[in-house]
Structures are given as structure tokens and as C-alpha cells.
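Taking it in order: structure first as C-alpha cells, then the write-up.
Naming: A, B, ... by sequence-line order, numbering from 1 per chain. Only heavy atoms go into these numbers, but all of them, side chains included; no hydrogens, no water, no symmetry mates.
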2 protein chains.
Amino acid sequence: MTDLFPEKGHDHGRCIDSALRQAEDVAEANNARFTDMRRRVFTLIWQSHKAITAYELLDSLQAEGVRAQPPTVYRALEFLVGLGLIHRIESLNAYFGCDMPHHEHLGQYFICRNCGRVAEAVNDDMSSAVHAAARAVGFRIEATTIEIKGLCHDCATH
Amino acid sequence: MTDLFPEKGHDHGRCIDSALRQAEDVAEANNARFTDMRRRVFTLIWQSHKAITAYELLDSLQAEGVRAQPPTVYRALEFLVGLGLIHRIESLNAYFGCDMPHHEHLGQYFICRNCGRVAEAVNDDMSSAVHAAARAVGFRIEATTIEIKGLCHDCATH
DNA sequence: GACGAAATGATATAATATAACACTTGAAGA
DNA sequence: TCTTCAAGTGTTATATTATATCATTTCGTC
Ligand SMILES: [Zn+2]
Ligand SMILES: [Zn+2]
Ligand SMILES: [Zn+2]
Ligand SMILES: [Zn+2]
């Protein structure tokens with residue numbers, strides 16, 4: 001069994017570096033400016049594998065000495081979501097970093113209620129079940145929200 | 001192709017009556033009090049097949065002359081969600097009536113962005129794809145949120 | 001360097017949700 | 001029937017999440 005969630009003692013600095021590198025690539029490929037503010041917000045989101053709320057981000061920015069207001073944060077979030085660099089978790093009103101921003105995908109999110117971590121899956125069986133169900137009732141899909149709450153393997157077994 | 005959504009000219013009074021009858025049954029079976037306030041809120045939710053927000057409900061109550069405040073509405077909603085008489089749509093911060101409250105189910109919600117209607121499906125293929133994916137990664141599911149946005153058959157073809 | 005579009009700053013406010021405590025109601029037992 | 005107490009509701013205040021609007025700054029392009 002492969003756990004979607006990162007290993008306990010993994011080198012998270014590498015996650016952050018890799019995410020930043022990919023984000024810069026994607027931004028460049030889209031002719032979009034990965035400004036300082038956007039980089040700050042993105043980096044804060046990647047401080048953990050948990051989802052983080054807009055106001056938690058705002059607090060962190062202010063703690064760093066950045067004079068930011070809610071619109072600043074929401075604009076950065078809008079930009080990052082728009083490029084697919086982060087995803088919004090509807091059931092948490094929170095955001096977390098995507099680790100495969102290069103290809104378009106409809107992801108599914110596993111959310112552990114104990115450790116708070118979020119993991120993204122791109123599972124064809126889930127996707128095709130959803131699309132088949134939609135086709136069967138003549139529904140034209142534009143967006144999907146699939147959020148699965150419970151206990152991750154670590155939290156369920158320890 | 002069977003459309004999940006109700007027919008255009010259907011007799012919606014029957015939807016409301018049926019929902020009320022079922023709600024009373026479920027409440028009774030659970031030894032729960034279907035009070036006047038709860039019935040009012042429930043009935044307002046069933047005024048349409050759309051999802052409705054807490055504050056829209058509050059406005060409607062006040063328009064009816066009921067002196068209600070936000071907690072009143074949220075308490076009624078909490079009760080109704082708890083019994084499975086209504087469902088919350090996370091991506092809309094809104095609520096809509098369940099038409100099969102008798103049996104426990106993990107539903108999937110189709111939401112039309114044009115007409116605003118919501119339809120609930122209980123699709124085993126979707127459910128089992130989700131559960132299989134969770135099993136494969138050792139995740140213990142406690143709740144699922146599956147919300148599908150797009151155009152219903154009517155809106156896509158007219 | 002001048003220009004204009006994009007980004008950010010700043011202020012205000014809207015929309016969604018809950019905490020806390022007082023009062024009322026209604027089921028259940030004495 | 002009366003008492004009691006838990007459940008439900010009223011009321012006020014406040015927390016949390018999100019956006020509208022207009023002023024200013026930044027940055028690539030000419
Ligand atoms: Zn990591
Ligand atoms: Zn966990
Ligand atoms: Zn109807
Ligand atoms: Zn429609």
C-alpha cells in the first residue's frame with residue numbers, strides 16, 4: 001500500500017524548493033508574473049502539507065513584517081488558484097499547494113481530521129465514475145469538488 | 001437518459017408534501033422534535049429545488065413576520081443536517097432538501113450553474129471508486145463531499 | 001523618460017458563522 | 001397536578017471569511 005501522504009521524516013525543504021521551481025516554470029509558461037507577494041503567499045502555503053486559511057496567511061505575512069490586508073491575500077490566492085499552483089478545499093475554506101501544477105487535472109483531496117494534512121490524488125477510476133454518472137443523466141460537467149475526510153494511514157494506525 | 005432533475009412542469013406542491021411527511025417520519029423515528037421553527041426552515045428550503053443560504057432563509061423568515069436571528073436559523077439547519085433531512089453544499093455555503101432521508105447515504109450533488117437547481121445522486125460506482133481509492137492508500141473515510149458543477153440537461157440543450 | 005496595464009495599498013463593508021447567557025417550553029416522573 | 005430539568009429558542013455580541021472601490025505603485029514597452 002502506497003501512502004499518498006508524505007513520510008514522517010521527509011525533507012520538507014525539498015518539497016518547498018520543488019514547488020517553487022515548478023511554480024516559476026508554470027508562471028513563465030503562462031506569461032504570468034510570479035511577484036514577490038505571490039511568492040510569499042505561495043511559500044507560506046507550502047510551509048506544511050496542511051491546508052491554510054486566508055486569514056492564517058494574513059497573520060503570517062503580518063508576523064513577517066509585511067503590511068498586508070485581506071485583499072492582498074485574496075488576490076494572491078486568486079492568482080495561484082487560477083494557475084493551478086494551489087487548490088482550494090471548499091469544506092475547509094482553506095488552500096493548499098499542488099505538487100503537479102504542470103498538467104491540468106481534476107484532483108480528489110484526502111483530508112486527515114487528526115493531523116490536518118491534505119493529499120491530492122488524481123484517480124482515473126474516481127474521475128471516470130463521476131463523468132459516467134454525469135453522462136448518464138445528461139449533465140455537462142464544468143468543475144468537480146471531491147473531498148474525502150477521515151484518518152490518514154498514519155493516524156489510523158498509531 | 002433519465003434526468004435527475006425534476007421535470008419542468010412538475011407539481012412541486014407534491015414534492016413539498018412528500019418531503020414534510022418523510023421528515024416527520026424520520027424525526028419521529030429518531031425521537032427528535034420537529035418543532036415549528038424547524039418545520040418553517042425546512043419548508044422554506046423546500047420552496048425550490050435550489051440550494052438556499054442561511055441568510056436567505058433568515059430573510060424569508062423575517063418577511064413572514066417571524067422574529068429570527070442568525071443562531072435560530074443555524075440551529076434549525078444543524079438539526080436538519082444532523083437528521084439527514086437536508087444536505088449542505090460546501091461549495092455554495094448553502095442547503096437543500098434531501099428527498100430520501102430514510103436511508104443513510106453518501107450522496108453526490110449535481111449543481112446547475114444556470115438554473116441553480118441541485119440534484120442528489122446516490123451512485124454506487126462513484127462511491128465505490130472513492131472507497132477503493134481510499135483503501136488503496138490506507139485512508140479511513142469518515143465523510144465525503146462530492147459536488148459536480150456544470151449544466152443540467154435542460155440548460156445544456158435549450 | 002513617458003505611457004499604460006497590471007499589481008498592490010488602503011479603507012470600508014458584505015456575507016457567513018458561532019459564543020454566551022437569559023428565557024421559555026414541553027416531556028417525564030413524583 | 002405539580003415539579004423538574006433538559007431541550008429549544010431569544011437576544012446580543014462577535015468571530016470568520018470574502019469582496020467592492022478607489023488611490024498609488026510597479027514594470028514592461030515604446
Ligand atoms: Zn513535504
Ligand atoms: Zn493524519
Ligand atoms: Zn419539486
Ligand atoms: Zn439547469
Side-chain angles (χ1 to χ4, degrees), chain A residues 23-24 27-45 50-62 64-83 85-96 116 145 147, chain B residues 23-24 26-45 50-83 85-96 116 145 147:
Chain A
E24 273 157 7
E28 179 160 7
N30 285 82
N31 260 315
R33 287 166 55 197
F34 200 57
T35 63
D36 187 55
M37 193 72 232
R38 290 165 178 172
R39 178 190 312 273
R40 278 178 193 281
V41 170
F42 183 77
T43 304
L44 285 171
I45 291 171
K50 303 180 188 180
I52 185 170
T53 69
Y55 278 78
E56 287 167 351
L57 289 166
L58 182 57
D59 288 346
S60 297
L61 283 175
Q62 290 174 342
E64 285 181 354
V66 179
R67 280 239 300 240
Q69 295 299 322
T72 303
V73 174
Y74 280 102
R75 284 168 184 151
L77 291 171
E78 184 182 20
F79 171 86
L80 296 168
V81 169
L83 274 189
L85 300 176
I86 63 172
H87 298 295
R88 175 178 163 88
I89 306 295
E90 296 291 346
S91 61
L92 299 177
N93 296 329
Y95 302 84
F96 93 113
T145 299
E147 297 173 2
Chain B
E24 274 158 7
V26 170
E28 179 160 8
N30 285 80
N31 260 316
R33 287 168 55 200
F34 200 58
T35 63
D36 187 53
M37 193 72 232
R38 291 165 177 173
R39 177 190 313 271
R40 277 178 195 281
V41 170
F42 183 78
T43 304
L44 285 172
I45 291 171
K50 302 181 187 179
I52 185 170
T53 70
Y55 279 78
E56 287 169 350
L57 289 166
L58 182 57
D59 288 347
S60 297
L61 283 174
Q62 290 174 341
E64 285 181 355
V66 178
R67 280 238 304 235
Q69 295 299 322
T72 304
V73 174
Y74 280 102
R75 284 167 183 153
L77 291 171
E78 183 182 21
F79 171 86
L80 296 169
V81 168
L83 275 190
L85 300 176
I86 63 173
H87 299 296
R88 174 178 164 86
I89 305 295
E90 296 292 346
S91 60
L92 299 177
N93 297 329
Y95 302 83
F96 93 112
T145 299
E147 297 172 3

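- Within 4.0 Å (heavy atoms only), B:R88 reaches sugar-phosphate atoms of the nucleic acid but no base atom.
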Practice prompt. Tell me, with the steps shown, if B:V73 and B:M37 meet side-chain contact (heavy atoms from CB on, under 4.5 Å).
Written response: CA-CA 8 Å; B:V73 174; B:M37 193 72 232; 5.8 Å; no
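- In this structure, B:Y55 and B:Y74 have perpendicular ring planes: the angle between them is above 60°, well past the 30° mark.
- OP1 or OP2 of D:dA18 has at least one side-chain nitrogen or oxygen of A:N93 nearer than 4.0 Å.
- Between A:Y95 atom OH and D:dT17 atom P the separation is 10 Å, expressed in whole Å.
- Contact of the A:E64 side chain with the A:R40 side chain is registered, since non-hydrogen atoms from C-beta on lie closer than 4.5 Å.
- Atom CZ of A:R38 is separated from atom C1' of C:dA7 by 6 Å (rounded to the nearest Å).
- Whole-Å rounding puts the A:E90 CD to C:dT16 C1' distance at 14 Å.
- Panel note: side chain A:R88, backbone A:A94; no donor-acceptor pair is recorded below 3.5 Å.
- Distance CZ/A:F96 to CD1/A:I52: 13.0 Å, rounded to 0.5 Å.
- A residue-by-residue look at B:F79 and A:Y55 shows that B:F79 has its nearest nucleotide of DNA chain D further toward the 5' end.
- Using modelled atom types, one side-chain atom of A:E56 and one backbone atom of A:T53 make a donor-acceptor pair closer than 3.5 Å.
- Checked by atom type and distance alone, the side chain of B:Q62 never pairs as donor or acceptor with a backbone atom of B:R67 at under 3.5 Å.
- Close to C:dA17, at under 4.0 Å from its OP1 or OP2, lies a side-chain N or O of B:Y74.
- C:dT8 atom P lies 15 Å from atom CG of A:L58, rounded to whole Å.
- C:dA7 atom C1' lies 15 Å from atom CZ of A:R39, rounded to whole Å.
- A straight line from CG of A:L92 to C1' of C:dA17 spans 15 Å, rounded to a whole angstrom.
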Can you name the atoms? Protein N/O to nucleotides 9-12 of chain C N/O, anything below 3.5 Å, with the distance.
unit_1 : atom_1 : unit_2 : atom_2 : d
C:dG9  : OP2    : A:T72  : OG1    : 3.4
C:dG9  : N7     : A:R75  : NH1    : 2.9
C:dG9  : O6     : A:R75  : NH2    : 2.6
C:dA10 : OP1    : A:R67  : NH2    : 3.0
C:dA10 : N6     : A:R75  : NH2    : 3.3

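- Against DNA chain C, the stretch residues 27-35 of chain A makes heavy-atom approaches under 4.0 Å through A:R33, A:T35.
- Judged by distance alone, the side chain of A:T43 and the main-chain N or O of A:R39 form a donor-acceptor pair under 3.5 Å.
- Judged by distance alone, the side chain of B:E147 and the main-chain N or O of A:T145 form no donor-acceptor pair under 3.5 Å.
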